[in-house]
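These numbers come from the heavy atoms of this one structure, side chains and all, not from hydrogens, waters or symmetry mates. Not measured: the values here are computed from a predicted model. In listed order, ligands and their atoms are each counted from 1.
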Amino acid sequence: MTSPNYKICCIGAGYVGGPTMAMIAHKSPETQVTCVDINAERIAAWNSDDLPVFEPGLFEIVAQQRGKNLHFSTEVDKAIEEADIIFISVNTPTKTYGLGAGRAADLKYIEKCARRIAEVAKTDKVVVEKSTLPVRTAEAIKRILSTANNGANFQIISNPEFLAEGTAVADLENPDRVLIGGERTPEGEAAIQKVVDIYASWVPGERIITTNLWSSELSKLTANAFLAQRISSINAISALCEATEADVDEVAHAIGTDSRIGPKFLKASVGFGGSCFQKDILNLVYLCEHFGLPEVAEYWAQVVKMNDYQKRRFARKIVQTLFNTVSGKRIALLGYAFKKDTNDTRETAAYYVAKELLEEQADLAIYDPRVEHDKIRSELGIDDRSTNVEICTDAYTACKDAHAVAVITEWDEFKTLDYQKIHDHMLKPAFIFDGRNIIDLGKLREMGFEAHGIGKG
Ligand code: UDX
Ligand code: UDX
């Protein structure tokens, strides 16, 4: 399949926009791709050797295409004007104010983008929603664009992104499916086809699903809600395992072999994080309430409540096990990112665990191989003079003289640390809490640790 020679622009060069556009440029050499962002620092980083987003394999692709058919720029208006297809991939955080605060998605950035497109565009455009949005947002974008009076026509497409952070390149290269929603009118079908053409450069036709706009928007929220629900379900069972003699990993394996259930997303943990799961479920809950469906809203809200419980339960278990006080005790947190292979910390369980322990007056020593130290400090609201939080550059330093070690992120390097060495340099009794079940508890106990996992009775 030859690649189409479209001009594409993407507004928002974040964790989603950046990698997605890099992959399109990589797979579709005839397509000109410009990624714009209002954040000049971010754009400068995309143009440097130190990309703002860490993803295995991403740098190689960016370096290959940059300056050829992949450009990063702050010139939003110019990129809009020149593009045939405009992706909107700006962030849609949970509203922190007014109606729907704490649950609804804040659409101010999306609206701003739509207004900018309406003002600047002089030729027809296909506008693609890449950001995850509440159902029927396309309608709002359409109304804003219809106010444009430069003679341009607009078609709105919903094309939600399903990549997971840490595996973005592999997910983009080989997606389970690409979902493209549009209006079922001749103009709408033509716009859908344009977006299909982009992906058809490398995605097999049977994996490209086209739907109406609303189904596409709702599918993204539903996919994330189902995935998160599996984690909350197994985490709920992990609490029961701890109260009995059961082992949650054995239970997960046993149920996962049922082909109707399947083995993925059944890993019990300290709690899910990331920019999407909680936000999208809260958004779904808000939508259900808005449409007068309180029972449905309550059903999904429980997935987030269970996750809050799991994060709290982990922190409290540390406190209880350490003789009900961690005041003045050094506790090493291994990992701060919300999952391995990313430098992203949005909604990370590490933040909640750290906050609970700090409230109990613990001294924390935090090590993560990828997260910038300043980011951890600013999230926890401390400065580099703080005496109760030390950010370390390796795991051994963090664990030295600690009363307890807590594994928060499942980084591969934590599986192969020399735990005997770590034990020898800790205060005794030496406690370890594996929030990801990645280390053999039996071996740790042989080394002398008092070792706890998640859902290990
Ligand atoms: C975002 C949303 O959070 C998610 O719901 C959606 O599925 C995809 O887009 P992400 O790429 O991870 O995800 O967000 P982020 O890394 O914050 O990137 C958004 C970028 O948009 C930022 O770099 C921001 O500067 C930029 N932006 C925001 C603009 O360029 N213009 C704006 O008006 C607002
Ligand atoms: C998720 C969706 O997977 C992706 O399709 C969507 O586009 C964006 O949201 P992401 O948040 O990047 O992706 O990562 P994901 O791998 O889904 O992990 C989310 C959280 O769940 C992480 O904190 C992870 O550690 C946790 N998790 C995942 C578990 O605790 N157990 C599991 O079995 C799987």
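Of the charged side-chain nitrogens involved, none lies within less than 4.0 Å of a carboxylate oxygen, so that Lys220 and Glu129 do not count as a salt-bridged pair. The existence of a salt bridge linking Lys194 and Asp197 is excluded, since no basic side-chain nitrogen approaches an acidic carboxylate oxygen closer than 4.0 Å. Ion pairing between Lys122 and Glu81 holds under the 4.0 Å rule for side-chain N and carboxylate O. In summary, Arg377 and Asp374 engage in a salt bridge, as defined by a charged side-chain N under 4.0 Å from a carboxylate O. A salt bridge links Glu356 to Arg316: one of the charged nitrogens lies within less than 4.0 Å of a carboxylate oxygen. Salt bridge present: Asp249 and Lys267 bring a charged side-chain N and a carboxylate O closer than 4.0 Å. With respect to Asp247 and Lys456, a salt bridge is recorded, a charged nitrogen being found less than 4.0 Å from a carboxylate O. Under 4.0 Å is where a charged nitrogen must lie from a carboxylate oxygen, and between Glu347 and Lys279 no such pair does.
Between Gly273 and ligand 2, at least one pair of N/O atoms sits closer than 3.5 Å. Annotation: Ser275 places no N or O atom under 3.5 Å from an N or O atom of ligand 2; distance criterion only. Considering backbone and side-chain N/O of Phe338, one or more are found under 3.5 Å from N/O of ligand 2. For ligand 2, none of its N or O atoms has an N or O atom of Glu410 under 3.5 Å away.
Within the set Asp344, Val53, Leu133, Thr132, the minimum heavy-atom distance to atom 7 (O) of ligand 1 is found for Thr132.
In terms of protein heavy atoms, atom 25 (O) of ligand 2 is closest to Arg436 NH1, 2.7 Å. Protein heavy atom at the shortest distance from atom 29 (C) of ligand 2 is Ile231 CD1, 3.6 Å. Of all protein heavy atoms, the one closest to atom 18 (O) of ligand 1 is Gly14 CA, 3.2 Å. In terms of protein heavy-atom proximity, atom 31 (N) of ligand 2 is closest to Lys267 O, 2.9 Å. Nearest non-hydrogen protein atom to atom 1 (C) of ligand 2 is Phe277 CE2, 3.5 Å. Ranking protein heavy atoms by distance to atom 3 (O) of ligand 2, first place goes to Leu227 CD1, 3.8 Å. In terms of protein heavy-atom proximity, atom 14 (O) of ligand 2 is nearest to Lys339 NZ, 3.3 Å.
Counting the atoms of ligand 1 from 1 in the order shown, those under 4.0 Å from a heavy atom of Asn39 are 25 (O). If you number the atoms of ligand 1 from 1 as listed, the ones under 4.0 Å from a heavy atom of Lys112 come out as 33 (O). Below 4.0 Å from some heavy atom of Val16 lie the following atoms of ligand 1, by number and element: 8 (C), 10 (P), 11 (O), 13 (O). Close contacts between ligand 2 and Ala164 involve ligand atoms 3 (O), 12 (O), 13 (O), 14 (O), 16 (O) [criterion: under 4.0 Å to a heavy atom].
At a 4.0 Å cut-off, not a single heavy atom of Glu161 sits close enough to ligand 1 to count as contact. Using 4.0 Å as the threshold, Lys264 has no heavy atom nearer than that to any atom of ligand 2. Residue contact check for ligand 1: Arg346 places a non-hydrogen atom closer than 4.0 Å to it. Heavy atoms of Arg230 stay at 4.0 angstrom or farther from ligand 2.
Side-chain contact between Thr20 and Leu163 is present, with heavy atoms from C-beta onward closer than 4.5 Å.
Taking the six-membered ring for Trp and the full ring otherwise, the centers of Trp300 and Tyr286 sit at least 6.0 Å from each other.
Ring planes of Tyr199 and Trp202: tilted class, angle from 30 to 60°.
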